[in-house]
*Asks:* 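Let me give you the structure first, and then I'll get to my questions.
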Amino acid sequence: AGMNGTAIENFTCIIFNISFMNCTWHAGRTASGDTQYFLYWRTSQKEDFTGCQHYIKDNCGRHTGCRFQNVTIENKRAYFLVNGSRSGQNIQSYKKMIMLYKIEKLTPPLNVTVNCTEASHRCEVQWQPPHTSHVKRRACFKYEIVIENK
């Protein structure tokens with residue numbers, strides 16, 4: 001239901017620093033300036049939706065995103081619903097399922113050390129895997145080292 005072009009567009013979410021998630025979107029092409037959007041999400045189809053507590057707003061005060069804390073990836077899936085309201089006009093809702101592990105931006109590797117010896121003309125680089133809420137095996141990570149100065 002709702003007028004075509006009023007649903008949000010370009011919905012994206014990213015998880016960072018292990019447990020924070022930001023979701024953002026753009027207002028629908030035909031949505032008027034007084035349209036307000038509301039984000040709800042759940043990690044299981046058996047749960048009730050939870051509304052956003054910390055909206056990101058544009059210059060007009062319209063909701064264009066949401067900040068979440070204490071997000072865990074253990075359930076792997078999340079179901080999102082964004083609907084809207086405007087006096088006298090129905091707004092199309094937007095639904096999306098996201099695999100949470102696919103949107104996690106990992107922290108850099110930790111405790112990076114470099115030991116070089118002139119005699120052998122070799123360097124040894126060591127590090128610890130980044131912190132993550134869902135990857136338990138070190139073998140799951142792949143790394144790339146870029147040497148800028150020889």
*Asks:* In chain order, what residues pass the side-chain contact (heavy atoms from CB on, under 4.5 Å) check against Pro130, with sequence neighbours excluded?
*Replies:*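 Partners of Pro130 by the side-chain contact (heavy atoms from CB on, under 4.5 Å) criterion, ordered by chain and then number, come out as Leu106, Thr107, Phe141, Tyr143.
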*Asks:* Are Leu81 and Met99 connected into the same hydrophobic cluster when the rule is that any two of I, L, V, M, F, W, Y join if their side-chain heavy atoms are below 4.5 Å apart?
*Replies:*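 In one cluster: yes.
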*Asks:* Please name the pair of heavy atoms, one in Leu39 and one in Cys23, separated by the smallest distance, quoted to 0.1 Å.
*Replies:*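 Minimum heavy-atom contact is CD2-CB, 4.2 Å.
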*Asks:* Under 4.5 Å between any side-chain heavy atoms of Ile91 and Asn83, yes or no?
*Replies:*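 Not touching, per the 4.5 Å side-chain cut-off.
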*Asks:* Is there side-chain contact between Ile56 and Arg67, with heavy atoms separated by less than 4.5 Å?
*Replies:*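 Yes, their side chains come closer than 4.5 Å.
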*Asks:* Partners of Ile103 by side-chain contact (heavy atoms from CB on, under 4.5 Å), sequence neighbours excluded?
*Replies:*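 side-chain contact (heavy atoms from CB on, under 4.5 Å) check on Ile103 returns Cys13, Ile15, Met21, Ile98, Leu100.
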*Asks:* Any chance you could measure Thr24, atom OG1, to Ile8, atom CD1, to the nearest 0.5 Å?
*Replies:*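 Thr24 OG1 to Ile8 CD1: 9.0 Å, rounded to 0.5 Å.
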*Asks:* With the side chain counted from C-beta on, respond yes when Glu104 and Ile73 share a heavy-atom pair under 4.5 Å apart, and no when they do not.
*Replies:*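 A side-chain contact exists here, since the closest heavy-atom pair is under 4.5 Å.
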*Asks:* Could I get the full list of side-chain hydrogen bond (donor to acceptor under 3.5 Å, both in side chains) partners for His131, not counting sequence neighbours?
*Replies:*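 If we apply the side-chain hydrogen bond (donor to acceptor under 3.5 Å, both in side chains) test to His131, skipping adjacent residues, there are no hits.
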*Asks:* Determine whether Gln36 and Asp34 make a side-chain contact, defined as any pair of heavy atoms from C-beta on separated by less than 4.5 Å.
*Replies:*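 The answer is no, as the side chains (C-beta and beyond) never meet within the 4.5 Å cut-off.
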*Asks:* Backbone N or O of Lys46 within a donor-acceptor pair of the Ser44 side chain at under 3.5 Å?
*Replies:*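 Such a contact is found between Ser44 side chain and Lys46 backbone.
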*Asks:* Do Thr30 and Thr6 pair up side chain to side chain, a donor and an acceptor below 3.5 Å, judged on atom types alone?
*Replies:*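 Distance-only check fails for Thr30 and Thr6.
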*Asks:* To the nearest 0.5 Å, tell me how far Thr113 OG1 sits from Gln128 CD.
*Replies:*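 Here the rounded value is 9.0 Å.
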*Asks:* Using the test salt bridge (Lys or Arg N to Asp or Glu O under 4.0 Å), find all partners of Arg62 that sit at least two apart in sequence or belong to another chain.
*Replies:*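 Partners of Arg62 by the salt bridge (Lys or Arg N to Asp or Glu O under 4.0 Å) criterion, ordered by chain and then number, come out as Asp58.
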*Asks:* Report the C-alpha separation of His63 and Phe38 in whole Å, then their side-chain angles, then the decisive distance to 0.1 Å, and conclude whether the ring pair (Phe, Tyr, Trp, His ring centres under 6.0 Å) test is met.
*Replies:* CA-CA 7 Å; His63 300 159; Phe38 302 95; 5.5 Å; yes
*Asks:* Glu124: which residues meet the side-chain contact (heavy atoms from CB on, under 4.5 Å) condition with it, sequence neighbours left out?
*Replies:*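 side-chain contact (heavy atoms from CB on, under 4.5 Å) list for Glu124, sorted by chain: Gln126.
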*Asks:* With a 4.5 Å limit on heavy-atom distance, are the side chains of Tyr37 and Val82 in contact?
*Replies:*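 A side-chain contact exists here, since the closest heavy-atom pair is under 4.5 Å.
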*Asks:* Who are the side-chain contact (heavy atoms from CB on, under 4.5 Å) partners of Val125, not counting sequence neighbours?
*Replies:*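 Only Val112, Val114, Trp127, Ile145 meet the side-chain contact (heavy atoms from CB on, under 4.5 Å) criterion with Val125.
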*Asks:* Identify whether Phe16 and Phe68 are in the same connected component of the hydrophobic contact network (ILVMFWY, side-chain heavy atoms under 4.5 Å).
*Replies:*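 No, it is not one cluster - the side chains of Phe16 and Phe68 are not joined through contacts under 4.5 Å.
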*Asks:* Give the cluster check for Phe20 versus Leu110: same hydrophobic cluster or not, with ILVMFWY residues linked at side-chain heavy-atom distances below 4.5 Å.
*Replies:*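 No: no chain of side-chain contacts under 4.5 Å links Phe20 to Leu110.
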*Asks:* Once salt bridge (charged side-chain N to carboxylate O under 4.0 Å, His left out) is applied, what residue pairs with a partner in residues 15-32 remain, sequence neighbours excluded?
*Replies:*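 For residues 15-32, and leaving out neighbouring residues, the salt bridge (charged side-chain N to carboxylate O under 4.0 Å, His left out) pairs sorted by first residue read Glu9-Arg29.
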*Asks:* Name all pairs fulfilling the side-chain hydrogen bond (donor to acceptor under 3.5 Å, both in side chains) condition that reach into residues 92-102, sequence neighbours left out, sorted by first residue then second.
*Replies:*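 Listed by first then second residue: Asn4-Gln92.
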*Asks:* For Tyr79, check ring pair (Phe, Tyr, Trp, His ring centres under 6.0 Å) against everything at least two apart and list the hits.
*Replies:*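 Testing Tyr79 for ring pair (Phe, Tyr, Trp, His ring centres under 6.0 Å), a comparison that skips the adjacent residues, returns none.
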*Asks:* For Cys60, which residues count as a disulfide (SG to SG under 2.5 Å) partner, sequence neighbours excluded?
*Replies:*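 With neighbours one apart ignored, the set is empty.
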*Asks:* When rounded to the nearest 0.5 angstrom, what is the spacing between CG in Asp48 and CZ in Arg42?
*Replies:*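 Rounded to the nearest 0.5 Å, the CG-CZ separation comes out at 8.0 Å.
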*Asks:* Identify, with sequence neighbours excluded, every residue that meets ring pair (Phe, Tyr, Trp, His ring centres under 6.0 Å) alongside Phe80.
*Replies:*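 Ring pair (Phe, Tyr, Trp, His ring centres under 6.0 Å) check on Phe80 returns Phe11, Trp41.
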*Asks:* Do any pairs count as a disulfide (SG to SG under 2.5 Å) and have a residue in residues 98-129, sequence neighbours left out, and if so which ones?
*Replies:*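 Listed once each, the pairs are Cys116-Cys123.
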*Asks:* Is there side-chain contact between Ser19 and Gln69, with heavy atoms separated by less than 4.5 Å?
*Replies:*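 Of all side-chain heavy-atom pairs linking Gln69 with Ser19, none is under 4.5 Å.
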